[in-house]
Amino acid sequence: MNSNSTTQKIILLGYMGSGKTTVGKELARLLPSTLIDLDRQIEIFENKTISEIFDEKGVIYFRKVERAVLEKILKLDQCAIISLGGGTPCYFDNMDYLNSFENAATIYLDVSIPTLVSRLSPEKDKRPLLNNLSTSEDLTEFIGKHLFERRPYYRKAQYHLSVQSETAAEIALKIKNLLN
Ligand code: S3P
């Protein structure tokens, strides 16, 4: 990928709580570039929160809108960092679609299960896929199984970053160096 391209897209993916949006914000500051958060764009497009879309229209509808909004963003003639939703890579041919763009780089933020559990525990009620899990054991078991199913899709990303205890700013710097 040519990092000087005027339409370069950097696409951040990974499980819920992996820091896609937080790292995206840091990277946007560092490059500089614009961060486009896919979930946020879906909410604007549908004029509903993600939870409302899941509750009122269901998961299939959500995944279709997610793909449609993703296509709109990819067609924008501008540089951007795009933070996907945790499930985006796992539906339709979304990963092959994203990897087919010459001016795009897909980056998987690989975060350990205990870290995901500690980040997601306090905010699980806001998340449609987690809000029925009551204990931290349930959450750990769910995330473990879910990640096992999703990893094959995440691993289709062109770059993999194993995130340990680095700050979002440090990860953003790593990504910048990776793409130079
Ligand atoms: C989802 C992740 C969420 C959001 C929706 C579904 C998923 O995005 O798209 O709740 O399937 O993992 P974040 O990963 O940004 O929380």
Side-chain angles (χ1 to χ4, degrees), residues 9-28 34-74 80-98 104 106-134 136 138-157 159-163 168 171-172 175:
K9 308 277 191 292
I10 300 173
I11 300 161
L12 302 179
L13 60 105
Y15 201 71
M16 289 175 270
S18 60
K20 303 175 292 283
T21 305
T22 321
V23 170
K25 279 184 192 155
E26 290 294 339
L27 192 57
T34 306
L35 173 69
I36 303 178
D37 181 67
L38 179 58
D39 281 342
R40 186 67 201 116
Q41 294 306 308
I42 295 169
E43 290 182 332
I44 293 168
F45 187 72
E46 289 285 296
N47 199 20
K48 287 183 193 325
T49 65
I50 300 293
S51 293
E52 284 168 348
I53 303 170
F54 268 80
D55 287 349
E56 294 170 21
K57 308 259 181 127
V59 63
I60 310 274
Y61 179 87
F62 174 78
R63 296 304 172 189
K64 285 184 182 161
V65 175
E66 182 178 49
R67 169 64 183 237
V69 174
L70 184 61
E71 287 184 18
K72 275 184 202 289
I73 296 171
L74 265 293
I81 297 154
I82 304 165
S83 58
L84 301 184
T88 319
C90 316
Y91 289 83
F92 310 107
D93 63 344
N94 286 351
M95 279 312 296
D96 294 336
Y97 170 71
L98 292 168
T106 48
I107 302 175
Y108 170 32
L109 301 180
D110 186 358
V111 174
S112 74
I113 294 172
T115 304
L116 293 175
V117 171
S118 70
R119 286 183 190 172
L120 292 169
S121 242
E123 46 177 77
K124 68 179 175 49
D125 294 340
K126 287 184 288 177
R127 295 177 179 272
L129 299 178
L130 308 177
N131 59 11
N132 60 336
L133 302 163
S134 40
S136 134
D138 290 345
L139 194 59
T140 306
E141 192 187 335
F142 177 85
I143 293 175
K145 286 185 182 156
H146 209 196
L147 254 184
F148 181 76
E149 289 164 12
R150 287 184 164 188
R151 260 197 210 107
Y153 298 95
Y154 294 156
R155 286 192 174 142
K156 286 188 166 195
Y159 301 90
H160 298 190
L161 267 187
S162 171
V163 178
I171 300 162
I175 295 174

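As the structure is a prediction and not an experimental result, all values here were calculated from the model. Remember, it's 1-based here, ligands and their atoms both numbered in the order they're listed.
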Any residue meeting salt bridge (Lys or Arg N to Asp or Glu O under 4.0 Å) with D96, in chain and number order, not counting sequence neighbours: K156
Which N or O atoms of ligand 1 sit under 3.5 Å from a protein N or O, and how far apart is each pair?
| from | atom 1 | to | atom 2 | distance (Å) |
| --- | --- | --- | --- | --- |
| ligand 1 | 8 (O) | D39 | OD2 | 2.7 |
| ligand 1 | 9 (O) | D39 | OD1 | 2.7 |
| ligand 1 | 9 (O) | D39 | OD2 | 3.3 |
| ligand 1 | 11 (O) | R63 | NH2 | 2.7 |
| ligand 1 | 11 (O) | G87 | N | 3.4 |
| ligand 1 | 11 (O) | R150 | NH2 | 2.7 |
| ligand 1 | 12 (O) | G87 | N | 3.2 |
| ligand 1 | 12 (O) | R150 | NH1 | 2.7 |
| ligand 1 | 12 (O) | R150 | NH2 | 3.4 |
| ligand 1 | 14 (O) | K20 | NZ | 2.8 |
| ligand 1 | 14 (O) | G86 | N | 2.8 |
| ligand 1 | 15 (O) | D39 | OD2 | 3.1 |
| ligand 1 | 16 (O) | R127 | NH1 | 2.4 |

Parallel under 30°, tilted from 30 to 60°, perpendicular over 60°: which one fits the rings of F62 and F54? tilted
What residues form a side chain to side chain donor-acceptor pair (under 3.5 Å) with S136, not counting sequence neighbours? none
Between Y108 and H160, how do the two ring planes meet: parallel, tilted or perpendicular, split at 30° and 60°? perpendicular
Sole residue of T22, D37, T88 in side-chain hydrogen bond (donor to acceptor under 3.5 Å, both in side chains) with S83: D37
Which residues share a side chain to side chain donor-acceptor pair (under 3.5 Å) with D39, sequence neighbours left out: none
